[in-house]
K.L.:
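Structure provided below as structure tokens; questions to follow.
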Amino acid sequence: EMVHKEDSEICEIAYRRCNKMVMDSEICEIAYRRCNAYTSYRNNKVLPTSPALVRNNPIAIISGKADYRLSFDITPTGTVADWGSILHFTTDNNCCNFGQRSPAIWFHQGTTRLYVAIGDSTDGNWRLDTDALPLNVRTKITLECKGKNVKLTVGAKVYTATQPTYRFAGNLVVYAGDPWYPPAKAVISNLLYKILPPAEANAAVTSQRRYMSNLQ
């Protein structure tokens, strides 16, 4: 609790100093949110499980990896005329440099079809699209990226793709509702981001197990 208190005070002090030095209060507000997001993640080492979808809502700063599993439950409650932002992992901006959508998820305009941008070194907006999700029904979403294999599970339906080259790895700001689009009308829960062992490491382990098995 003392660590949380100290971190909170640091963010408050930085926010007050920012307002004295910078005329644009919006910049200070964004910096304050990012400070709290970073200290929250540093102390808890996990993403909040049920963040509210609000425009420009950073919830963590993480060290992202190329191989990961992102999962959450989502209950759409309506649609928006624009792209409806759900989650956005980015290095610094919306699109479309490498790492700016790693991944990023929206509802398509006026629907509950998912737009799942995963990103690739050759295309920062490389993505998968899905069928529409039912309104007012909770659906489990799992995105698993491992080596060249990409699998998106939406309820009982599975979408697969082959990664063109490779995904971004590095520091990422995580938004539950990004700054560039209105938030989706939805409730999310059970949010989990799990780093997976690299595909090459798994292959090496499997090879070692086979070798040991042959010795017995």
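Side-chain atoms are counted along with the backbone in the values below, which use heavy atoms only and exclude waters and symmetry mates.
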K.L.:
Is there a continuous path of hydrophobic side-chain contacts, each under 4.5 Å between heavy atoms, that joins Val80 to Tyr181?
P.N.:
no
K.L.:
What pairs meet the ring pair (Phe, Tyr, Trp, His ring centres under 6.0 Å) rule with one or both residues in residues 135-156, with sequence neighbours excluded?
P.N.:
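For residues 135-156: none.
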K.L.:
Test side chain to side chain donor-acceptor pair (under 3.5 Å) on Gln100 and Asn94 and set out the steps.
P.N.:
CA-CA 6 Å; Gln100 290 180 339; Asn94 175 31; over 6 Å; no
K.L.:
Taking all non-hydrogen atoms of both residues into account, name the closest pair between Ala66 and Ala169 and its distance.
P.N.:
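In terms of heavy atoms, the two residues are closest at N-CB, 3.8 Å.
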K.L.:
Under the salt bridge (Lys or Arg N to Asp or Glu O under 4.0 Å) definition, can you give me all pairs with a residue in residues 165-179, not counting sequence neighbours?
P.N.:
Asp67-Arg167
K.L.:
Evaluate side chain to side chain contact (heavy atoms under 4.5 Å, CB included) for Trp106 paired with Trp180, printing each intermediate quantity in order.
P.N.:
CA-CA 11 Å; Trp106 296 265; Trp180 304 285; over 6 Å; no
K.L.:
Can you tell me if Lys140 uses its side chain to pair, donor with acceptor, with the backbone of Ala156 under 3.5 Å?
P.N.:
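Side chain of Lys140 to backbone of Ala156: no pair is present.
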K.L.:
Mind running side chain to side chain contact (heavy atoms under 4.5 Å, CB included) on Leu128 and Thr160 for me, showing each step along the way?
P.N.:
CA-CA 8 Å; Leu128 293 171; Thr160 60; over 6 Å; no
K.L.:
Please find the pair of heavy atoms, one from Thr112 and one from Gly78, that lie closest to each other, and give the distance.
P.N.:
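Distance-wise, the nearest heavy atoms are CG2-O, 4.2 Å.
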K.L.:
Could you tell me whether the side chain of Arg101 reaches within less than 4.5 Å of the side chain of Trp126, counting heavy atoms only?
P.N.:
no
K.L.:
Under 6.0 Å between ring centres: does that hold for Phe98 and Tyr166?
P.N.:
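Distance test on ring centres: under 6.0 Å, yes.
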K.L.:
Answer with yes or no whether the hydrophobic clustering places Leu133 together with Tyr159; edges join I, L, V, M, F, W, Y residues whose side-chain heavy atoms lie under 4.5 Å apart.
P.N.:
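Both belong to a single hydrophobic cluster.
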K.L.:
Heavy atoms only: give me the nearest Lys185-Phe107 pair and the separation to one decimal.
P.N.:
O-CE1, 4.4 Å
K.L.:
Would Leu47 and Ile195 show up in the same hydrophobic cluster when neighbours are defined by side-chain heavy atoms closer than 4.5 Å?
P.N.:
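Cluster IDs for Leu47 and Ile195 match.
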K.L.:
If we ignore hydrogens and angles and just use 3.5 Å, is the side chain of Gln163 paired with the main-chain N or O of Gly119 as donor and acceptor?
P.N.:
yes
K.L.:
Is the shortest heavy-atom distance from the side chain of Glu144 to the side chain of Leu196 under 4.5 Å?
P.N.:
yes
K.L.:
If we only count heavy atoms from C-beta on, is the Thr91 to Asn171 side-chain gap below 4.5 Å?
P.N.:
no
K.L.:
Check whether any side-chain heavy atom of Tyr193 sits under 4.5 Å from a side-chain heavy atom of Leu87, and report yes or no.
P.N.:
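Result no, sub-4.5 Å side-chain heavy-atom pair not found.
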K.L.:
When you measure from the side chain of Lys151 to the backbone N and O of Cys145, does any donor-acceptor pair fall under 3.5 Å?
P.N.:
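No, because the side chain of Lys151 does not come within donor-acceptor range (under 3.5 Å) of the backbone of Cys145.
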K.L.:
Look only at the side chain of Arg138 and the backbone of Ile74, and say whether a donor-acceptor pair between them is shorter than 3.5 Å.
P.N.:
no
K.L.:
Looking at residues at least two apart in the chain, or sitting in another chain, which of them share a salt bridge (Lys or Arg N to Asp or Glu O under 4.0 Å) with Asp129?
P.N.:
Arg127
K.L.:
Say whether, by atom type as modelled, one donor and one acceptor occur between the side chain of Asp120 and the main chain of Thr165 under 3.5 angstrom.
P.N.:
yes
K.L.:
State whether the side chain of Thr139 and the backbone N or O of Gly155 hold a donor-acceptor pair below 3.5 Å, judged by distance alone.
P.N.:
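Side chain of Thr139 to backbone of Gly155, a donor-acceptor pair under 3.5 Å: no, none is there.
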K.L.:
Measuring only between side-chain heavy atoms, which start at C-beta, is Lys157 closer than 4.5 Å to Asp131?
P.N.:
yes
K.L.:
Mark yes or no for whether Asn57, through its side chain, and Ala52, through its backbone, hold a donor-acceptor pair below 3.5 Å.
P.N.:
yes
K.L.:
Applying the side chain to side chain contact (heavy atoms under 4.5 Å, CB included) test to Leu70, which of Leu192, Ile105, Ile141, Thr142 qualifies?
P.N.:
Ile105
K.L.:
Does any part of the side chain of Asp73, heavy atoms only, come nearer than 4.5 Å to the side chain of Ile188, both counted from C-beta?
P.N.:
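Sidechains of Asp73 and Ile188: no contact.
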K.L.:
Once rounded to the nearest 0.5 Å, what's the spacing between atom NZ of Lys146 and atom OH of Tyr68?
P.N.:
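The distance works out to 13.0 Å.
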K.L.:
If hydrophobic clusters are built by linking Ile, Leu, Val, Met, Phe, Trp and Tyr wherever their side-chain heavy atoms come under 4.5 Å apart, do Leu191 and Val187 end up in the same one?
P.N.:
no
